[in-house]
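On a predicted model such as this, the values are computed, not experimentally measured, just so you know.
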Amino acid sequence: MIRRKVTLLLPLFRPAHLVVVIFCQVFFLAVTHAQAPPGQITFKDHWAAYQDEEVVNVEESLTRLIGKTRFPEDLEVILAEARKKCTGDSCTHRLTHLSAGRLVQLGEVEMAGSMYYVLFDMASTSGLTVFQGKALLGLGELAKERGEHSLAQSLTDSALMIYRNTNDSANIIYTLVEQAQQLRDDGKPDSALGVLDRALHFRANEMSHEMTTAVSSAYSTQGRLHRSAGRYEEAYESYRQALDLAMLVDHETQIAVVTNNLGNIAHTQGLYDQALQYYYQSLEIKERLGNRRSAALAHHNIGAVKYDLEDYPSAMESFGLSNAIAEELSYEFLQAYNALRIGNCHRAQTAHSEALQSHLKAKKLATPLQQKKLVLEINQAIGQDLISLERHQEAYVILQDALASSIELSLKPEQAAILINLAELYADLYDQSDGDKSAKTENVPVSLAEIEAQLQQAYAMSKEQGNVENQLLALKTMRSFYKRYDNPRAQSQALEDYAILRDSMYRSERTQAITEWETKYKTAEQDKEILSLELQSQKESSQKRLWRWLTIATLIFFGLLVYLGNQLQRQRINKQRASEREQFRSQLSRDLHDEVGSTLTGLAMQSELLNDFSSEKDKAATENLAKMSRQAMQSMRDTVWAIDSRKDNTSDLIDRMRDFTAESDNLSHQSISLRSKLKEHRKIHPKTRQNVYLVYKEAITNALKHSGGSEIKAIIKDEGAMLHLTIQDNGKPDPQQIKTSGLGLQSMRQRAEECGGSFEYKMDGGFKISASFLVNP
């Protein structure tokens with residue numbers, strides 16, 4: 001009978017055939033599936049590990065895999081495995097339910113609805129009514145998100161009927177929590193609290209994992225209701241119990257929900273640092289679990305705190321992050337809220353035109369969703385924008401519409417705030433009515449009496465509701481109004497009421513303490529003495545705290561001065577030492593070039609001249625002497641270049657390498673080419689510069705001697721903090737010869753490793769050397 005009732009309720013969810021559902025999923029995946037970023041462990045990696053393991057508990061293993069999925073087709077793979085290996089319908093039903101919930105987290109709401117309905121059909125066939133109820137609850141939550149409240153309520157009632165018949169306490173609690181949330185959304189908080197009280201009556205002394213999670217959810221919802229009513233202590237207590245239970249069973253999703261709610265309390269109470277701490281903690285869990293919808297909400301909450309801290313650019317950045325996810329998931333309700341908040345940020349920065357555009361965008365998104373309260377809030381914001389832009393007639397029309405909506409929805413705080421906005425609008429119109437102060441502009445009342453009555457009505461409503469924020473706003477507007485129109489007595493009274501009310505906000509705790517003392521002590525003398533002692537104690541305590549903090553602040557200040565002074569002194573010394581080293585290197589390179597270089601040049605010339613006059617017997621010795629002299633001159637040039645501090649950049653390194661390439665190319669029948677992809681004039685450590693050049697020189701020299709090929713190609717490039725050098729020839733190397741000949745491979749390896757790099761060679765179509773070096777080791 002229940003199945004027949006649900007079939008009538010769910011024309012939108014039931015697919016024609018299961019094949020249609022699978023086809024839609026596969027088609028969606030073919031379009032949207034993307035590769036994981038490099039280095040990220042993908043589902044395929046987890047799946048491969050699962051197949052390699054000797055799986056004992058299939059259900060537990062596949063449950064873990066569902067939590068690691070990022071794409072719907074991965075869920076199809078898991079469910080196919082479940083149908084093959086699970087023993088019993090309970091396993092496949094549970095994994096199907098978890099997969100549907102995962103689709104909701106991934107933002108695939110339509111696919112989740114289809115899977116919930118498939119679960120309902122499967123459970124009806126197998127007779128596992130517990131999963132019938134879970135499918136109905138899932139469909140009810142989706143219906144509630146679409147604004148179909150009557151359908152959501154019917155689905156929840158059907159689930160509750162199933163669980164009551166089976167006496168399933170944990171799922172009865174879950175269902176009652178869902179009912180309470182629906183009542184809260186319908187504006188019936190007292191009825192919702194009554195439902196939660198019934199839910200908590202099912203709590204057992206020794207609770208299972210499932211029961212513990214259900215009770216945690218009930219406490220969390222109870223906390224939200226207390227918070228909405230301004231009962232923050234009760235809300236905090238409910239949330240703490242919810243968090244303790246969630247942590248007891250390590251239920252990360254529930255922990256994220258509760259920490260987010262604790263952030264809401266801290267935010268409402270103005271504890272912004274604490275609120276941000278809770279919100280970021282919740283966001284970290286949601287992102288780790290891949291719950292993107294909830295992550296988008298967390299970014300929105302963080303933006304709301306930053307807005308209250310008046311950090312508007314940062315707030316807009318957080319709202320933008322939230323909106324990017326919401327757009328990707330087609331989460332239109334959150335898109336509308338983000339547009340509203342971004343518009344408020346623009347208005348706070350006096351960018352009224354941009355604010356109006358953003359608020360109109362929010363209204364366009366919110367109107368089809370039939371979210372009347374959200375549309376009301378947006379209309380109020382648009383009215384304020386229009387007043388700032390002096391488009392008074394348009395502002396009047398939209399604020400009147402917002403006022404009518406607030407009356408229809410019985411939202412008295414919003415009604416009072418709109419009345420205050422209208423009074424401000426009337427005052428502007430009154431000033432524009434040049435001479436005829438009782439005139440009406442386009443049927444808009446602008447007389448002083450009407451404006452004053454409007455403000456008095458808003459103040460009375462706020463006072464009746466106990467809404468201090470609106471009371472303060474009304475009194476502030478009344479004070480400006482009386483000042484504007486020369487009524488000093490009324491202005492003084494409004495100012496006095498404003499000061500008393502504002503002061504009472506900070507003295508409520510003191511008032512409560514005094515009341516307790518009055519109950520304890522009967523006479524006025526005792527009350528006076530106790531109050532005096534309390535004031536004196538607070539004064540002394542405040543003075544002690546002040547001196548303590550001043551002392552700490554002074555010590556910190558002077559400590560920072562000393563630290564910063566030491567840092568500056570150390571920087572100056574390091575800079576001076578670096579400059580002295582640079583000067584020493586430059587001087588040393590000049591001295592070597594001028595003194596030792598000239599001596600070697602003379603020696604080479606003398607040895608060549610001696611060779612001309614030597615006998616045939618001595619020619620070999622003199623030629624060898626001339627050759628050694630030229631090699632010494634070349635080594636000296638390399639040393640001078642390496643020491644010279646003016647050459648510590650990549651451009652000088654490439655110039656030096658090209659000079660050597662040109663000299664070697666002229667002396668050889670082989671073709672040598674060098675290609676550079678280095679950033680020009682990049683600072684490079686002297687040791688790296690020298691070792692790169694010497695490795696290049698050694699490799700080219702060896703290739704010329706031993707490769708037997710016709711060409712040598714070299715390329716040097718930088719990748720971040722590393723330089724990469726590759727040299728390859730097209731010869732035919734003999735591996736035996738490479739192992740035994742003095743090619744200097746070990747020397748090149750040591751030079752690369754000295755600079756924090758690596759070295760390798762291989763023989764593939766020639767001989768290839770690859771070396772890497774840290775630019776600044």
Side-chain angles (χ1 to χ4, degrees), residues 623-624 626-642 647 650-678 684-719 722-775 777:
E623 285 178 358
N624 188 43
K627 181 179 178 181
M628 291 174 63
S629 299
R630 287 193 296 272
Q631 288 176 346
M633 286 176 61
Q634 181 62 38
S635 298
M636 176 58 63
R637 290 194 194 101
D638 292 342
T639 303
V640 169
W641 174 79
K647 307 295 185 181
T650 53
S651 298
D652 290 306
L653 172 62
I654 293 304
D655 289 343
R656 186 69 176 172
M657 292 171 71
R658 283 175 174 157
D659 288 344
F660 178 75
T661 303
E663 292 174 6
S664 302
D665 194 34
N666 291 334
L667 298 175
S668 172
H669 65 280
Q670 299 181 20
S671 171
I672 308 173
S673 63
L674 170 65
R675 190 153 56 103
S676 170
K677 294 185 178 180
L678 295 181
I684 184 171
H685 195 278
K687 182 171 71 173
T688 299
R689 177 168 58 91
Q690 182 182 21
N691 282 334
V692 170
Y693 174 70
L694 292 176
V695 168
Y696 175 75
K697 183 177 178 182
E698 179 75 14
I700 294 296
T701 301
N702 288 341
L704 290 172
K705 289 180 180 180
H706 305 287
S707 73
S710 60
E711 63 178 0
I712 305 170
K713 293 182 179 180
I715 182 170
I716 184 169
K717 59 184 179 180
D718 53 2
E719 293 181 4
M722 303 294 293
L723 292 183
H724 294 275
L725 174 64
T726 304
I727 303 166
Q728 183 170 17
D729 60 59
N730 61 351
K732 296 181 179 180
D734 182 358
Q736 296 299 324
Q737 183 183 7
I738 289 172
K739 290 181 180 178
T740 57
S741 64
L743 296 179
L745 294 176
Q746 187 62 33
S747 172
M748 288 187 278
R749 183 185 302 278
Q750 289 175 353
R751 292 188 183 279
E753 290 176 351
E754 279 179 12
C755 296
S758 61
F759 176 85
E760 62 180 13
Y761 67 90
K762 64 180 180 178
M763 293 168 283
D764 183 13
F767 192 78
K768 181 178 179 180
I769 289 174
S770 297
S772 63
F773 309 81
L774 273 174
V775 177

Atom pair [atom1]/[atom2] of [X] and [Y] - distance to nearest 0.5 Å:
X	Y	atom1	atom2	result
Met657	Thr650	CE	OG1	11.5 Å
Leu723	Lys677	CG	NZ	14.0 Å
Tyr696	Leu674	OH	CG	4.5 Å
Ile672	Phe660	CD1	CZ	7.5 Å
Ile769	Glu760	CD1	CD	11.0 Å
Ile700	Ile727	CD1	CD1	4.5 Å

Requested in this report: Determine, step by step, whether Met722 and Leu774 satisfy the side chain to side chain contact (heavy atoms under 4.5 Å, CB included) criterion, reporting the C-alpha distance in whole Å, the side-chain angles of both residues, the deciding distance to 0.1 Å, and the verdict.
Outcome: CA-CA 5 Å; Met722 303 294 293; Leu774 273 174; 3.2 Å; yes

Could you report the tightest heavy-atom contact between [X] and [Y], atom names first, then the distance?
X	Y	value
Phe759	Arg749	O-NH1, 3.1 Å
Val692	Leu725	O-CD2, 4.1 Å
Leu678	Ile654	CD1-CD1, 3.7 Å
Glu754	Lys687	O-NZ, 3.4 Å
Val695	Phe773	CG2-CZ, 4.0 Å
Arg689	Leu653	O-CD1, 3.6 Å

Requested in this report: Taking the side chain as every heavy atom from C-beta outward, state whether Glu711 and Asp729 have any atom pair closer than 4.5 Å.
Outcome: no

**Report entry** SB check Glu719 Lys717 (cutoff 4.0 Å)
**Finding:** yes

Query raised in the report: Hey, does the side chain of Thr726 reach the backbone of Ile715 with a donor-acceptor pair shorter than 3.5 angstrom?
Result: no

Requested in this report: Using atom types as modelled and distance alone, determine if a side-chain donor or acceptor of Ser772 lies under 3.5 Å from a backbone N or O of Ser758.
Outcome: yes

